[in-house]
Amino acid sequence: MKLKQLLLALDKKRFADYPLDVDIASICCDSRQVSKDSLFVAVDGEKEKGSRFIDAAIAKGACCVITSGGRPVTLEREVPVITFPDTRVAVARLADEFFGHPSEKLKVIGVTGTNGKTTVTYLIKSIAEKAGFSSGLIGTINYLIKDKVIPAVNTTPGALQLQHLLKQMVDNGCKWCVMEASSHGIEQDRAANIDFTAAVFTNLTQDHLDYHHNLENYFLAKAKLFSGLSGGAYAIINADSPYSLRLKSLTKAKCITYAIDSFADVKGSDLILSLEGSKFIVESESFKLKLKTGLIGRHNISNILAACALAASQKINPEAIKEGIENFPAVRGRLEKVIQSEKFNVFIDYAHTPDALENVLKILRQWTPKKLILVFGCGGDRDRLKRPLMGSCAEKYADWTVITSDNPRGEVPSLIADEIVKGMKGKNHKIVLSRKEAIDYALARAKAQDTVLVAGKGHENYQIFADRKIDFDDRQVVEEWLIKKQISI
C-alpha cells in the first residue's frame with residue numbers, strides 16, 4: 001500500500017498534497033518486528049516515549065516513522081519522520097486503512113463490563129451460529145476464527161493485531177465478530193476506528209484501580225465505547241446496574257435494556273436455580289421463551305439476558321436464541337464443575353474481583369449443606385485496594401479460606417497475602433503460598449457434602465512470578481489430587 005494512502009487516512013487535510021510515493025509492506029509498533037519497507041509507529045507507553053526506538057526501527061529497514069515527538073533521529077539516513085499528536089490514535093487509523101476497513105464487512109459486537117464479558121461473548125457467538133452466521137471471537141481465553149484457535153495475549157489486543165484479526169475473519173467468511181472490550185483496551189484506543197454494530201454493558205464494580213485510579217475514571221473508560229457508537233448502532237445495557245441511566249445518556253445509539261429486577265426491554269423472570277443449572281423465562285416485545293441452561297447462578301441469568309437483548313437488536317429468530325443458549329456448554333474456568341459427588345463438590349472460577357467472588361460464593365453457599373472451603377489469592381502489580389475487600393468477602397461466605405498466590409508478578413507473595421488478611425477479622429483462614437499445596441490442603445480438608453472453590457485464575461494455565469512464568473492449571477492440580485486419592489471424576 002502507498003504511504004500517501006495511509007497518511008490520508010491519518011489526516012486528509014494535512015497530507016492532501018504530501019509528495020511521498022512510497023510502498024509500505026507492513027506497519028509495526030514494535031521496533032523488533034520491523035523489516036524492510038515497514039512503517040514504524042513509535043507508540044508512546046505509560047512510562048516512556050516511543051521515539052526512543054526510532055533509531056532501531058530505521059536500522060532494521062523502516063522507510064517511514066510516525067512519532068508524537070521526543071528524541072530526534074540520529075542516523076544519517078533520509079527517512080521521513082512525521083509527527084502526530086496521539087500515536088495510539090494514529091496506529092488505529094493506519095491499521096484500519098492498511099487492512100481494508102474489515103469492521104465495515106462484519107457485524108462487530110463489543111462487550112464490556114467488570115464481570116461477565118467472556119461468558120456473554122461466547123453466548124452471543126453460540127446464538128449467531130445457530131442463526132446461520134459464521135462468527136469469530138476475541139477475548140480473554142483465546143481468539144477464534146472459525147475452527148482456528150489463537151492463544152490470547154490481551155483481552156483486547158493492540159490495534160494492529162485487532163484489525164488483522166478482523167481481516168482474517170472477513171477472509172475466512174465470518175459474518176460476525178464478538179469481542180471483549182476491556183477498559184484498558186478502550187482507554188488506549190485499541191478499538192478505535194472499529195465500526196461497532198452494537199456494544200453490550202454487563203456491570204461495573206471495583207477493579208483495575210491501579211490503572212484508572214478511581215471508579216469514575218473506570219466508568220468513563222467503559223462509557224467511551226458507547227459514546228463512540230453511531231446513531232444506527234445498538235447499546236445493550238444492564239438496567240440492574242446503577243450506571244445504566246447515565247450510560248444511556250452518553251450514547252447516540254438505540255438503547256435496549258435487560259434486567260432481572262428492574263424494568264427493562266428484555267426481562268428475566270421465574271428463576272429456578274440449582275447446582276445442576278437454571279430455568280427461567282425471558283420476555284421481550286417480540287418473543288417469550290422458556291429457557292433451561294447448564295450455567296449456574298443468578299449472574300449467569302444476567303449474562304444470558306445480555307445475549308438475548310443483543311440477539312433481539314439484530315432480529316435473530318427466537319428459535320435460534322433458544323437453541324444457542326440451551327446448547328451452550330459452560331465456559332472454561334467460569335464456575336466450572338470439576339467433580340460433584342457424594343464425596344464433595346469442587347468448582348473452578350475466574351473470580352478475581354470482590355463482586356465476582358461474592359457472586360460465586362453466594363451461589364455455592366446456598367447449595368452447600370456443610371462446609372464451603374475457598375482457595376484464592378490476588379494478582380500482583382494490580383489493584384491493591386480490592387485485596388482486603390476480597391478477604392472480607394471470603395470470610396463472610398466461606399467456612400474456611402486458604403489464601404495463596406495468584407499471579408504475584410513483581411510483588412512479594414507473602415505481602416499480597418497479608419493485605420488480603422487485613423480484611424479478615426476471624427481466624428478461619430490459613431496462608432499457604434504455594435498454590436498447588438494450597439489446593440491440595442483444601443481438598444484434604446473436604447468432607448462429605450462440602451464444597452471446594454478454587455478461585456482467581458479460572459482458565460489460565462500458567463502462573464507469573466517476578467523472575468519466571470510457569471505452567472500451572474488449577475483444574476489439572478485438582479484432577480491429579482483426585483486421581484491420587486482414587487476419587488472418580
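Since the structure is predicted, the reported quantities are computational estimates derived from the model, not experimental observations.
A side-chain hydrogen bond (donor to acceptor under 3.5 Å, both in side chains) check over residues 325-335, counting only residues at least two apart or in different chains, returns the pairs T118-R334, K322-E326, R332-D473, R334-H459.
Between F98 and I24, the shortest heavy-atom distance links the atoms CE1-O, 3.9 Å. Contact between I416 and G380 at its shortest, heavy atoms only, is CD1-CA, 3.7 Å. Considering every non-hydrogen atom in both D195 and V108, the closest pair reads O-CB, 4.0 Å. In terms of heavy-atom proximity, L94 sits nearest to L6 at CD2-O, 3.4 Å. Here the closest non-hydrogen pair linking A90 and I66 is CB-CG2, 4.4 Å.
Within the 4.5 Å cutoff, the side chain of S182 has no heavy atoms near those of the T112 side chain. Side-chain contact between N238 and Y243 is absent, with no heavy atoms from C-beta onward closer than 4.5 Å. Side-chain contact between V375 and T404: present, with at least one pair of heavy atoms (C-beta onward) separated by less than 4.5 Å.
Taking CG of N217 as the reference point, atom NZ of K222 lies at 13.5 Å (rounded to 0.5 Å). To the nearest 0.5 Å, atoms CG (D261) and CG (D240) are separated by 4.5 Å. L289 contributes atom CG, which lies 7.0 Å from atom SG of C308 (distance to the nearest 0.5 angstrom). Separation of atoms SG (C174) and CG (L137) is listed at 10.5 Å; rounding is to 0.5 Å. The distance from atom CD1 of I363 to atom OG of S278, rounded to the nearest 0.5 Å, is 8.0 Å. Rounding to the nearest 0.5 angstrom, the gap separating the CG atom in D349 from the CG atom in L335 is 5.5 Å.
A search for side chain to side chain contact (heavy atoms under 4.5 Å, CB included) contacts involving E319 returns N317, not counting sequence neighbours. With sequence neighbours excluded, no residue forms a side-chain hydrogen bond (donor to acceptor under 3.5 Å, both in side chains) with Q463. Judged as a side chain to side chain contact (heavy atoms under 4.5 Å, CB included), and not counting sequence neighbours, the contacts of A42 are F40, I54, T67. Partners of R190 by salt bridge (charged side-chain N to carboxylate O under 4.0 Å, His left out), not counting sequence neighbours: none found. Judged as a salt bridge (charged side-chain N to carboxylate O under 4.0 Å, His left out), and not counting sequence neighbours, R468 has no contacts.
We find that D189 and K224 are joined by a salt bridge, their nearest charged nitrogen and carboxylate oxygen being less than 4.0 Å apart. Taking 4.0 Å as the cut-off between side-chain N and carboxylate O, E479 and R475 count as a salt-bridged pair. Salt bridge status for R387 with E411: present, with a side-chain N to carboxylate O gap under 4.0 Å. For D44 and K49, the salt-bridge test passes: some basic side-chain N is under 4.0 Å from an acidic carboxylate O. Ionic pairing of D86 and R88 is not present here: no N-O contact between side-chain nitrogen and carboxylate oxygen is shorter than 4.0 angstrom. For R246 and E216, the salt-bridge test passes: some basic side-chain N is under 4.0 Å from an acidic carboxylate O. Of the charged side-chain nitrogens involved, at least one lies within less than 4.0 Å of a carboxylate oxygen, so that R435 and D474 count as a salt-bridged pair.
A 6.0 Å sphere centred on CG of D23 holds more than 12 heavy atoms belonging to other residues, nucleotides or ligands. Few gaps surround CG on D467; more than 12 heavy atoms of other groups in view lie less than 6.0 Å from it. The environment of NZ in K254 is crowded: more than 12 heavy-atom neighbours from other residues, nucleotides or ligands sit within 6.0 Å. Heavy-atom contacts from other residues, nucleotides or ligands closer than 6.0 Å to NZ of K2 number more than 12.
S26 and S38 share a side-chain donor-acceptor pair at under 3.5 Å. In this model, a donor atom of one side chain and an acceptor atom of the other lie less than 3.5 Å apart for T114 and Y218. For the 3.5 Å distance criterion, the side chains of D355 and N203 fail to qualify, holding no donor opposite an acceptor. Judged by distance alone, the side chains of D96 and H101 do bring a donor and an acceptor atom under 3.5 Å apart. Side chains of N407 and E460: a donor-acceptor N/O pair is present below 3.5 angstrom, by distance only.
Between the side chain of D381 and the backbone N or O of G410, at least one donor-acceptor pair lies under 3.5 Å. Within the 3.5 Å criterion, the main-chain N or O of D265 finds a donor-acceptor partner in the side chain of T257. A donor-acceptor pair is defined here as one N or O able to donate and one able to accept, closer than 3.5 Å; no such pair exists between the side chain of N300 and the backbone of L295. Proximity of a side-chain donor or acceptor of T121 to a complementary backbone N or O of K117 within less than 3.5 Å is detected. Checking side-chain atoms of K146 against main-chain N and O of S135 turns up no donor-acceptor pair under 3.5 Å. Side-chain atoms of H164 do not come within 3.5 Å of backbone N or O of L162 as any donor-acceptor pair. In this structure a side-chain-to-backbone donor-acceptor pair under 3.5 Å is missing from R93 to A9. For the pair E129 (side chain) and S134 (backbone), a donor-acceptor distance under 3.5 Å is absent. Listed for the S262 side chain is no donor-acceptor partner under 3.5 Å among the backbone atoms of A259. A donor-acceptor pair is defined here as one N or O able to donate and one able to accept, closer than 3.5 Å; such a pair exists between the side chain of T156 and the backbone of E180.
Below 30°, between 30° and 60°, or above 60°: for Y122 and F328 the angle between ring planes is between 30° and 60°, a tilted geometry.
In this structure, K457 fails the cation-pi test against F376, since its NZ or CZ atom is not both closer than 6.0 Å to the six-membered ring centre and inside 45 degrees of the ring normal. Taking the ring centre of Y462 as origin, the terminal cationic atom of K469 falls inside the region bounded by 6.0 Å and 45° from the ring axis.
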